[in-house]
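Here is the structure we will look at.
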4 protein chains.
Amino acid sequence: MPKIGMEEIRKDQVIKATERCIVEKGYSNMSVKDISAEASVSTGIIYHYFKNKEDLLLQVIKESFRKSHEQVMETVEPLNNFEEKLMKHIENINRVPMDNPDFYTVMLNYLGQAKNNPEINGIIAKFFKNLRSYIAQYIKDGIELGRLKPEKAKHLPALTIALGMGIGMQWIIDPESFDIADIEKSYKEMIESYISLEE
Amino acid sequence: MPKIGMEEIRKDQVIKATERCIVEKGYSNMSVKDISAEASVSTGIIYHYFKNKEDLLLQVIKESFRKSHEQVMETVEPLNNFEEKLMKHIENINRVPMDNPDFYTVMLNYLGQAKNNPEINGIIAKFFKNLRSYIAQYIKDGIELGRLKPEKAKHLPALTIALGMGIGMQWIIDPESFDIADIEKSYKEMIESYISLEE
Amino acid sequence: MPKIGMEEIRKDQVIKATERCIVEKGYSNMSVKDISAEASVSTGIIYHYFKNKEDLLLQVIKESFRKSHEQVMETVEPLNNFEEKLMKHIENINRVPMDNPDFYTVMLNYLGQAKNNPEINGIIAKFFKNLRSYIAQYIKDGIELGRLKPEKAKHLPALTIALGMGIGMQWIIDPESFDIADIEKSYKEMIESYISLEE
Amino acid sequence: MPKIGMEEIRKDQVIKATERCIVEKGYSNMSVKDISAEASVSTGIIYHYFKNKEDLLLQVIKESFRKSHEQVMETVEPLNNFEEKLMKHIENINRVPMDNPDFYTVMLNYLGQAKNNPEINGIIAKFFKNLRSYIAQYIKDGIELGRLKPEKAKHLPALTIALGMGIGMQWIIDPESFDIADIEKSYKEMIESYISLEE
DNA sequence: TATGAATGAGGATTCATTCAT
DNA sequence: GATGAATGAATCCTCATTCAT
């Protein structure tokens, strides 16, 4: 076992294990011992790399959002026109529950803590703001090109995110309630009919 | 104090106190002692009226959803035409975060527990299903009247709920991010443009 | 087992057990589990009656000093003239190490904590101040009767206490170093020669 | 950095750091990590030079007493007559709390451990014995010169040390309780009146 | 019914000590 | 010699639950 230069490796090992624990046991039902067992390390090591459990939990959600952000950038940013970007973004959002259901599980666990933990609330608020600002960027192009009315733009980011999250949430709770692959078309139609693009 | 017929009174007293505790301290940070103090009863009494803490928590969310259901019935059902009903429903949904922010706080706390507690998951699933079925009812009238295309109807309930919940969630996390009273118009427009009612 | 009106009994039971633990294991080597075992109660009960370990430890020394104070009042106060009182007090002080060696053990343990615990420091400071003020009372009578020169009175309380404590401390550490019963006479002589009473 | 002959330097470095930690945090509140940080070395090095924490702590008090001994020898021994020596010794003792308050802090911390640590008890016992034997030496000269009655000599060492330590202890706990510089005169007077030197 | 004292398992955290590098 | 990552037992404390009153 190497003992030097392990910091990043260990931190990552613990963060990943914590994420698995949240998914398996839930944010508030998992002990530091559970995490250390899942990560195959001693409990002590967790306190060597993180100030305390809360600090670890904060790093976990930060990391989770960081990865989410990365993914958006990779798949959406290379696209050229605003319509493609927006629709790609919608697709991305819509596929999270299927492709990465753990993300929702983790997110819902943290959402439940947000009202009583300002730091968590702040991190989630920032994440939401980011999501909205991506979309705000795309539609700015649409407005400039004269294809999108400014008054529609105002709430479009929040509404787009709302739809995606609301769908995901319902589906996570009850995957039987609708076909999530199928709903993507309706999701897109709803957005498209709202912005009613000018030819 | 009369000692007969206290059952309902006591249960209600404890359930209301628990709700306040969830709002103030959070689902997983509150103890039975906290609840009993908030309800001004002994801890023993809680175990007299509820099987255990989990049972109590289940009653709390059931009661919360029951009241929510009641409210919808009272304000929406008296209306006559489907359009009014749908729009009234949207208004209702959109005003929950402002009128009754505690409902969201409680709901988010339970959502966080859902994945690890099948009973809670079931209750929430049933609640969502109910919400969707109200809307499904209204739009059935619209289809019958020939004012609404059936293919649009399929996902409309889920999409309507999704929008409302998604907006509420973003606003609860960060009330600065948009004007929730203002967004109601856009919410309605989005639904209206999607269903593009036939005259 | 009665469950009502036990507060004082339980507190006392725990305080006494803690004292025994301090004597047997030392202030900083004893765990709450040790105390609860010694008191034949659960660890939980300790937290039912005391805020935390520190609070308990504070009550222990307060109680210890309270009892010490009581003893002085009982044996010294009934006496009439100042000389008898002073000498009785000296006797009392000198006999503590023999009659109640645990008092010294406990006291030394707390003295070691004093510099890092302002509350403990304050309690000990108050205790010392009390001890000195008793003696100051006796000698005031002596001065008024013209049998004691005021300039001698100034430091007499501190010096008397110092001698007693210093002797006790040496003897507690090494009982072989001198005969503590025997040293009492010298202790008294030293005080008497210092105040050199006027006939 | 030379790697040979570092032993004494390193040991001293660690012992001094430990002393500072005892003063700052207290004997039982300081960790090996605290010590290593204070000494600017790794924790591993401490176990290279000392068997374990207890061993280190033992070396610390030994060193502390060794230095104290050295100081007495330097200032008192050069003097010629027994009276000067005794009074100089008293002065020394009385000035420790002011000149080197850390000595008292350290000493009180170890005194608290003594009853539960025979080794510490032994070291302190030996230290006290040393202190008494210095004084015993001086007064032997006084007896031989016929200026001091043998019966007074018996307990004089213990009483002198007792006074000094008792004063110091009271003053360390509450420096407001008396003027320690001022009390020196009374301290000396008390000793002088007791031995009532023959002209 | 109603109380709250009592239990003890379990949780977060610390820390002396070891050991691969 | 020197480092500090790693361990895991032990500590303080909380809390759901029970039960004598």
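Throughout, a chain's letter reflects where its sequence line sits, starting with A, and its residues are numbered from 1.
- Separation of the P atoms belonging to dT21(F) and dT1(E) is 22 Å when rounded to the nearest angstrom.
- With rounding to whole Å, F50(A) atom CZ is found 15 Å from dA12(E) atom P.
- The residue from I15(D), T18(D), L58(D) that alone fulfils the side-chain contact (heavy atoms from CB on, under 4.5 Å) condition with E63(D) is I15(D).
- A sub-4.0 Å separation between OP1 or OP2 of dA6(E) and a side-chain N or O of R10(C) is present.
- Using bins of under 30°, 30° to 60° and over 60° for the plane-to-plane angle, the ring pair F103(A)/F127(A) lands in the tilted bin.
- Spacing between atom CD1 of I46(B) and atom P of dT3(E) amounts to 10 Å, rounded to whole angstrom units.
- Partner D55(B) forms a side chain to side chain donor-acceptor pair (under 3.5 Å) with one of K53(B), K51(B), Q59(B) and no other, that one being Q59(B).
- One N or O on the side chain of Y110(D) and one on the backbone of L57(D) form a donor-acceptor pair closer than 3.5 Å.
- Pairs passing the salt bridge (charged side-chain N to carboxylate O under 4.0 Å, His left out) check and including a residue from residues 36-45 of chain A, sequence neighbours excluded, read R20(A)-E38(A).
- Close to dA2(F), at under 4.0 Å from its OP1 or OP2, lies no side-chain N or O of H48(D).
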Exercise for review: Run the numbers on T105(B) and D102(B) for side chain to side chain donor-acceptor pair (under 3.5 Å), then give the verdict.
Suggested key: CA-CA 5 Å; T105(B) 304; D102(B) 290 353; 4.8 Å; no
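- Rounded to a whole Å, the CD1 atom of I9(D) is 11 Å from the P atom of dG1(F).
- Following rounding to the nearest Å, I35(D) (CD1) and dA2(F) (P) show an atom-to-atom distance of 18 Å.
- Stems are defined here as 3 or more consecutive Watson-Crick or G-U wobble pairs with pairing distances under 3.5 Å; those involving DNA chain E are E:2-21 with F:2-21.
- N116(B) places a side-chain N or O within 3.5 Å of a backbone atom of E24(A) that can act as its donor or acceptor partner.
- Looking at V14(C) and Y49(C), their side chains never come closer than 4.5 Å, going by heavy atoms from C-beta outward.
- With rounding to whole Å, L57(D) atom CG is found 12 Å from dA16(E) atom C1'.
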Per-nt protein contacts along nucleotides 8-15 of chain F (heavy atom under 4.0 Å; B base, S backbone sugar-phosphate only, - none) come out as BB-SSBB-
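- Using a 4.0 Å heavy-atom distance criterion, Y49(D) is classed as a sugar-phosphate-only contact.
- Taking atom CD on E7(B) and atom C1' on dA2(E), their separation rounds to 14 Å, with Å as the unit.
- What you find for I120(D) and A114(D) is that their closest heavy atoms are CG2-CA, 4.0 Å.
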